[in-house]
Asker: 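Take this structure first; my questions come after.
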Amino acid sequence: MSILRRAKTWEVSESEDSDAERKADNCDRVSPTSAPGSTELKEDQSSEEKCKSLPVSATKRESGQTLCPPRPGGSGTPSPAKKRRSKEEIEADRQKAKEKKEERERQRAARAQEKEERRQEQQRRREAAENLKRLRPENCLKCLTVCIDPALLQQDGSDILLDTLTAFEWRFSIESQLLAHSVTWTRDLPRQGEDGKLSVEEEQVVLVLGLDDFMDVVISVKKMLDSEGEEAETGSFLNPLLECLNRDAKKVVNLLVMDSEPDYSGETVQSKLGMQNLDVEEVLVYLQLYKNISLVFLGGWDDVTDHICAVTKALSKRPFKLLTERAELPFCVDGSWASGARVERDGSGLSEVWTRQIQQLNRVSPAVASTVTASYPSPQLLLQAYGSLESEEEKKALLAGLLVKSKGKERRIGPEISARVYRCFTAQNPQLVLD
């Protein structure tokens, strides 16, 4: 007997419904002539296998489950509803975002400042290197200009000076000076002025006079000293010279007196002026001590040219010397070659100073000094060792037996060095010769 089950209504298309119903009917249909037995059992097994091969939709339809149509615009799983944030949460998120932005800006500003500091440091180093290079004598000489008074070139033999300056390729100019027959120097500064370059006048002044003009100066000075400070007569070289010195007290005047016999110039002045030796010495002392005027007697323009060239070279070396002497102790230069040792606040470096102190003694090598300081790490310990001995001979021989290792060889310090170290640290006479 066949049993026909009516499928429930599915919300699917007609084609799917008909196919599923047809397959279900085939599974549920049983032959009426079938008798119980092996044949019926086989048919039942075959029908079960067919039912297993049915699609999932038909199986679900038989179990009574109802399928919903798919969502038109998305996946089959509905998304959970978003939770609305409160004003406090929105404000907190906004504050966090603001803080992050400010932190990024601070980091960006810090990086920019660090970059600017590095750029400025590099610029300062570059400028310092350029200034140091500019201050070297060979470069500083190019910034000097020798200024020559035209009256000085009217003398015979003055062309030697111009020819020498031209041969050295030094800059010079011929222009009127405050002091007639004088030579001055100007230096171009590295910074720019209103006229393109700014130059300053050096303190050195060279005044070239003949023997007759110098005798006029001596007479004027002698009269001024005898009259207790009254001004000399007009027309003398002394008046403009004193006015120049009063205007600028830093001026250094070198008075060059040209004479055919410079070795006998003092006697020549005395014989021509009829002065005593004491009077001439008084005039020279007044010019040198009270007016800072040095006096040099020269034979001719060759000597004058050599003197002016020497002053020019000295002026070219002065800026570099001033730069090197700017330190508080210029003789203590930093560096390992300077034989100095740095002592920190915690005391580190004192052992190195103690070793260098021993090494300052004559014929004491670094190996010998290191051996002494290794046995006695401080001067106080060495003095205590000397105090513990009774005889003078034992004290002198205290360090003689110490072994010194140098270049794979061993030797002893010896009695000579031991005695010198002992005398150095125990002698009371500051004039004592250690060797």
Side-chain angles (χ1 to χ4, degrees), residues 134-189 197 199-218 237-238 240-245 247-263 265-266 269 284 287-288 291-322:
R134 190 183 297 110
L135 292 179
R136 293 188 178 277
E138 60 273 12
N139 296 325
C140 188
L141 191 59
K142 301 177 183 178
C143 301
L144 287 176
T145 302
V146 183
C147 304
I148 306 172
D149 188 75
L152 191 61
L153 300 178
Q154 296 177 4
Q155 302 180 13
D156 296 336
S158 59
D159 55 341
I160 298 176
L161 175 61
L162 299 181
D163 294 341
T164 303
L165 296 178
T166 304
F168 286 155
E169 297 182 354
W170 293 351
R171 295 190 306 177
F172 65 90
S173 64
I174 302 173
E175 54 187 10
S176 299
Q177 304 295 319
L178 295 177
L179 288 176
H181 301 83
S182 66
V183 178
T184 59
W185 287 263
T186 58
R187 184 191 304 275
D188 295 337
L189 297 180
K197 286 186 178 180
S199 59
V200 294
E201 187 175 354
E202 295 289 342
E203 301 170 355
Q204 297 290 332
V205 178
V206 170
L207 181 60
V208 183
L209 298 178
L211 184 58
D212 296 336
D213 296 331
F214 174 68
M215 287 190 297
D216 293 338
V217 173
V218 173
F237 282 94
L238 185 61
L241 180 57
L242 296 180
E243 290 178 1
C244 178
L245 295 176
R247 190 181 302 110
D248 190 356
K250 295 182 179 179
K251 290 290 185 181
V252 179
V253 180
N254 296 325
L255 183 56
L256 305 184
V257 181
M258 286 193 301
D259 187 12
S260 59
E261 297 179 358
D263 295 336
S265 55
V269 172
L284 298 181
L287 292 177
Q288 186 171 2
K291 299 302 179 181
N292 198 20
I293 300 174
S294 60
L295 180 64
V296 181
F297 289 94
L298 300 176
W301 273 102
D302 291 333
D303 297 336
V304 171
T305 301
D306 293 341
H307 185 89
I308 292 176
C309 292
V311 174
T312 305
K313 292 181 180 179
L315 291 176
S316 66
K317 297 178 181 178
R318 187 169 65 172
F320 190 79
K321 288 184 177 180
L322 292 177

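Excluded from the calculations below are hydrogen atoms, water molecules and symmetry mates; all remaining heavy atoms, backbone and side chain alike, are included.
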Asker: Are any of the side-chain heavy atoms of L245 and I293 separated by less than 4.5 Å?
Answerer: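 Yes - at least one pair of side-chain heavy atoms lies under 4.5 Å apart.
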Asker: How long is the straight-line distance from CG of L238 back to CD of E243, given to the nearest 0.5 Å?
Answerer: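 So the gap between those two atoms works out to 10.0 Å.
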Asker: Would you mind telling me which of V311, D248, L178, L179 makes a side-chain contact (heavy atoms from CB on, under 4.5 Å) with V205?
Answerer: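 Only match with V205 under side-chain contact (heavy atoms from CB on, under 4.5 Å): L179.
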Asker: When rounded to the nearest 0.5 angstrom, what is the spacing between CG in D188 and OG in S199?
Answerer: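 One gets 5.5 Å once the value is rounded to the nearest 0.5 Å.
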Asker: Could you check whether any side-chain N or O of D303 sits under 3.5 Å from a backbone N or O of G299, counting only pairs where one atom can act as donor and the other as acceptor?
Answerer: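 Yes, D303 side chain to G299 backbone: donor-acceptor pair under 3.5 Å.
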Asker: Using side-chain heavy atoms (C-beta onward) and a distance below 4.5 Å, is C140 in contact with R187?
Answerer: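 They are in side-chain contact.
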Asker: Could you go through the side-chain contact (heavy atoms from CB on, under 4.5 Å) check for F168 and C309 one step at a time?
Answerer: CA-CA 10 Å; F168 286 155; C309 292; 3.9 Å; yes
Asker: Measuring from L322:CG to K317:NZ, what's the distance to the nearest 0.5 Å?
Answerer: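 Going from the CG atom of L322 to the NZ atom of K317 covers 14.0 Å.
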Asker: Once rounded to the nearest 0.5 Å, what's the spacing between atom CD1 of I160 and atom CG of L165?
Answerer: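 Answer for the CD1-CG pair, I160 versus L165, is 12.0 Å.
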Asker: Does any non-hydrogen side-chain atom of M258 lie less than 4.5 Å from one of W301?
Answerer: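 Sidechains of M258 and W301: in contact.
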Asker: Is L152 close to V183 at the side-chain level, that is, under 4.5 Å between some pair of heavy atoms?
Answerer: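 Of all side-chain heavy-atom pairs linking L152 with V183, at least one is under 4.5 Å.
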Asker: I'd like to know if the side chain of K313 and the backbone of I308 have a donor-acceptor N/O pair within less than 3.5 Å.
Answerer: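 No, because the side chain of K313 does not come within donor-acceptor range (under 3.5 Å) of the backbone of I308.
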Asker: Could you measure the distance from the SG atom of C147 to the CH2 atom of W185? Nearest 0.5 Å is fine.
Answerer: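 Going from SG on C147 over to CH2 on W185, the span is 9.5 Å.
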Asker: Compare every heavy atom of L207 with every heavy atom of H181, then report the nearest pair and how far apart it is.
Answerer: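 Heavy atoms only, the tightest pair is O-CD1, 3.5 Å.
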Asker: So which pairs with a foot in residues 139-164 pass side-chain hydrogen bond (donor to acceptor under 3.5 Å, both in side chains), sequence neighbours left out?
Answerer: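 Residue pairs passing side-chain hydrogen bond (donor to acceptor under 3.5 Å, both in side chains), neighbours aside: T145-R171.
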Asker: Going by side-chain hydrogen bond (donor to acceptor under 3.5 Å, both in side chains), K251 matches just one of Q204, E201, E202. Which one?
Answerer: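 Per the side-chain hydrogen bond (donor to acceptor under 3.5 Å, both in side chains) rule, the option paired with K251 is E201, out of Q204, E201, E202.
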Asker: For residues L153 and I148, determine if any side-chain heavy atom of one lies less than 4.5 Å from a side-chain heavy atom of the other.
Answerer: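 In contact.
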Asker: Within the supplied structure, the quantity of interest is the number of heavy atoms (other residues, nucleotides, ligands) at a distance under 6.0 Å from L141 CG; does it exceed 12?
Answerer: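 Yes, enclosed.
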Asker: Checking side-chain contact (heavy atoms from CB on, under 4.5 Å) for the pair K291/L241: CA distance, chi angles, key distance, verdict?
Answerer: CA-CA 10 Å; K291 299 302 179 181; L241 180 57; over 6 Å; no
Asker: Between L284 and Q288, is any pair of side-chain heavy atoms under 4.5 Å apart?
Answerer: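 No - every pair of side-chain heavy atoms lies 4.5 Å or more apart.
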Asker: What are the two closest non-hydrogen atoms of L144 and S316, and how far apart are they?
Answerer: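 Scanning both residues completely, I find the closest heavy atoms to be CD1-N, 3.8 Å.
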Asker: Quick one: does L255's side chain get under 4.5 Å of L209's, heavy atoms only?
Answerer: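 They are in contact (side-chain heavy atoms under 4.5 Å apart), so the answer is yes.
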Asker: Would you say the side chains of S182 and Q177 form a donor-acceptor pair under 3.5 Å?
Answerer: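 Looking only at side-chain atoms, Q177 and S182 do not form any donor-acceptor pair under 3.5 Å.
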Asker: Is atom CD of E175 surrounded by more than 12 heavy atoms (other residues, nucleotides or ligands) closer than 6.0 Å?
Answerer: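 More than 12 within 6.0 Å, yes.
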Asker: Go through the steps for L211 and V257 under the test side-chain contact (heavy atoms from CB on, under 4.5 Å), then give the verdict.
Answerer: CA-CA 6 Å; L211 184 58; V257 181; 4.2 Å; yes
